[in-house]
Amino acid sequence: MTEILPLRCGTIRAPANAMEVGGPGDLVLPVYAYLITHPTGRMMLYDAGLALTDDGRTISKVFHSDLPEGHDVAARLVAAGVDPARIEGVVASHSHFDHVGGVSLVPNARIFLHQHEELRDLDAGHDLVRTNERLDLFGDGSVEVFATPGHTSGHQSLRVWREGGADVLAGDACYFCRSLDRDDADQPYAFDKVQYLETKRRLMQMRADGDFIIPGHDDSFLDNIPTGSAVRVSALSRL
């Protein structure tokens with residue numbers, strides 16, 4: 001079975017009301033890259049976390065990043081026993097800095113970016129593959145990339161099929177596990193709030209149908225992984 005290994009790659013800090021309508025105070029949020037390992041041994045990433053050069057730097061007036069030494073995606077891969085040069089592709093959920101910052105650290109990867117997504121912070125000189133509504137990532141139906149617009153114009157998520165459903169890396173199509181418990185456009189700065197809500201309702205239905213939805217910036221999913229899931233948790237997922 002294809003496996004998913006969450007790799008925690010730093011954190012971002014932001015006012016809660018920049019992430020969720022009505023949120024109080026500030027939030028410190030995990031940033032993840034996900035190692036996707038096919039039974040054949042082929043390896044891809046979904047997102048690539050923060051860049052090492054972003055350590056402690058103010059990214060904007062709203063978001064601040066923190067990337068401790070050894071927490072960038074390349075270091076995390078090495079700690080997991082994987083040479084970053086083996087990664088053949090990075091599926092970018094979208095082009096924001098906390099999702100594509102580390103692409104330069106996987107030198108041989110092609111970047112899969114939706115055709116409607118702006119390049120923004122993604123300019124590492126890699127081969128760029130523009131995706132559409134769906135992509136069979138390994139060509140055998142086991143892993144599907146699918147469009148989930150709203151947070152950005154070309155946001156995309158990834159689904160690993162398993163018995164009884166799928167594990168879905170939702171990216172910023174929903175920030176938190178609790179996002180799927182409220183039927184509104186809870187992201188204050190979604191690119192298109194109508195599309196965002198339509199996408200979120202799709203994810204809500206997928207969850208109701210038995211899929212395990214993994215949000216973009218909420219590590220509580222680590223404690224709720226269902227039996228039979230493709231997700232494998234290690235110390236690299238939590239530290």
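All values derive from a computational prediction rather than experimental measurement. Here, residue 1 is the first one in the sequence, and each next residue gets the next number.
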Next on the checklist: Tell me whether the count of non-hydrogen atoms from other residues, nucleotides or ligands lying under 6.0 Å of CZ in Arg86 goes above 12.
Outcome noted: no
Checklist entry - Do other residues, nucleotides or ligands put more than 12 heavy atoms under 6.0 Å from the CZ atom of Phe191? => result no
Counting C-beta onward and ignoring hydrogens, is there a side-chain heavy-atom pair between [X] and [Y] closer than 4.5 Å?
| X | Y | result |
| --- | --- | --- |
| Val31 | His217 | yes |
| Glu133 | His114 | yes |
| Phe63 | Asp98 | no |
| Arg201 | Leu197 | yes |
| Lys200 | Asp184 | yes |
| Leu35 | Ile87 | yes |

Ignoring hydrogens, what is the shortest heavy-atom contact between [X] and [Y]? Give both atom names and the distance.
| X | Y | value |
| --- | --- | --- |
| Cys177 | Ser220 | SG-OG, 3.4 Å |
| Gly101 | Ala51 | O-CB, 3.1 Å |
| Leu113 | Glu118 | CD2-O, 4.1 Å |
| Asp26 | Pro15 | OD1-CA, 3.4 Å |
| Arg42 | Leu137 | NH2-O, 4.5 Å |
| Arg8 | Leu239 | CD-O, 3.3 Å |

Checklist entry - In terms of the angle between their ring planes, are His151 and Tyr175 parallel, tilted or perpendicular, with boundaries placed at 30° and 60°? => result perpendicular
Next on the checklist: Which label fits His99 and His94: parallel for a plane angle under 30°, tilted from 30 to 60°, or perpendicular past 60°?
Outcome noted: tilted
Output yes when a side-chain donor or acceptor of [X] lies under 3.5 Å from a complementary backbone atom of [Y], and no otherwise.
| X | Y | value |
| --- | --- | --- |
| Gln156 | Ala92 | yes |
| His71 | Cys9 | no |
| Tyr46 | Tyr32 | no |
| Asp186 | Ser179 | no |
| Ser237 | Pro6 | yes |
| Asp167 | Ser229 | no |
| Asp136 | Gly141 | yes |
| Thr11 | Val28 | no |
| Glu117 | Thr152 | no |
| Asp192 | Val194 | yes |

Checklist entry - Between Asp219 and Arg238, does a salt bridge (Lys or Arg N to Asp or Glu O under 4.0 Å) hold up when you go through it step by step? => result CA-CA 8 Å; Asp219 56 11; Arg238 298 183 181 273; over 6 Å; no
Distance in Å, [X] [atom1] paired with [Y] [atom2], rounded so as to fall on 0.5 Å steps:
| X | Y | atom1 | atom2 | answer |
| --- | --- | --- | --- | --- |
| Gln115 | Leu128 | CD | CG | 11.5 Å |
| Leu169 | Ile4 | CG | CD1 | 4.5 Å |
| Ser95 | Ile111 | OG | CD1 | 12.0 Å |
| His126 | Ser104 | NE2 | OG | 7.0 Å |
| Asp211 | Arg159 | CG | CZ | 6.5 Å |

Next on the checklist: Could you go through Glu20 and Leu27, starting from their C-alpha distance and side-chain angles, then the distance that decides it, and tell me whether this counts as side-chain contact (heavy atoms from CB on, under 4.5 Å)?
Outcome noted: CA-CA 10 Å; Glu20 186 176 37; Leu27 293 173; 5.6 Å; no
Checklist entry - Going through the checks in order, is the salt bridge (Lys or Arg N to Asp or Glu O under 4.0 Å) test met by Arg207 and Asp181? => result CA-CA 11 Å; Arg207 183 180 66 171; Asp181 295 327; 3.1 Å; yes
Joint cluster assignment, [X] & [Y], ILVMFWY side-chain distance < 4.5 Å:
| X | Y | answer |
| --- | --- | --- |
| Phe112 | Val103 | no |
| Phe212 | Trp161 | no |
| Met43 | Val73 | yes |
| Leu180 | Phe176 | no |
| Leu5 | Val231 | no |

Item to check | His155 and His96: CA distance, side-chain angles, deciding distance, ring pair (Phe, Tyr, Trp, His ring centres under 6.0 Å) verdict | outcome: CA-CA 10 Å; His155 191 281; His96 288 170; 8.8 Å; no
Next on the checklist: Run the side-chain contact (heavy atoms from CB on, under 4.5 Å) test on Leu77 and Leu45 for me, step by step, so that the C-alpha distance in whole Å, both residues' side-chain angles and the decisive distance to 0.1 Å come before the verdict.
Outcome noted: CA-CA 10 Å; Leu77 287 169; Leu45 289 174; 4.3 Å; yes
Checklist entry - Given His38 and Asp140, is the side-chain contact (heavy atoms from CB on, under 4.5 Å) satisfied, shown in steps? => result CA-CA 10 Å; His38 190 264; Asp140 63 357; 2.6 Å; yes
Item to check | Stepwise side-chain contact (heavy atoms from CB on, under 4.5 Å) check, Val21 with Arg182 | outcome: CA-CA 11 Å; Val21 171; Arg182 49 186 294 180; 4.0 Å; yes
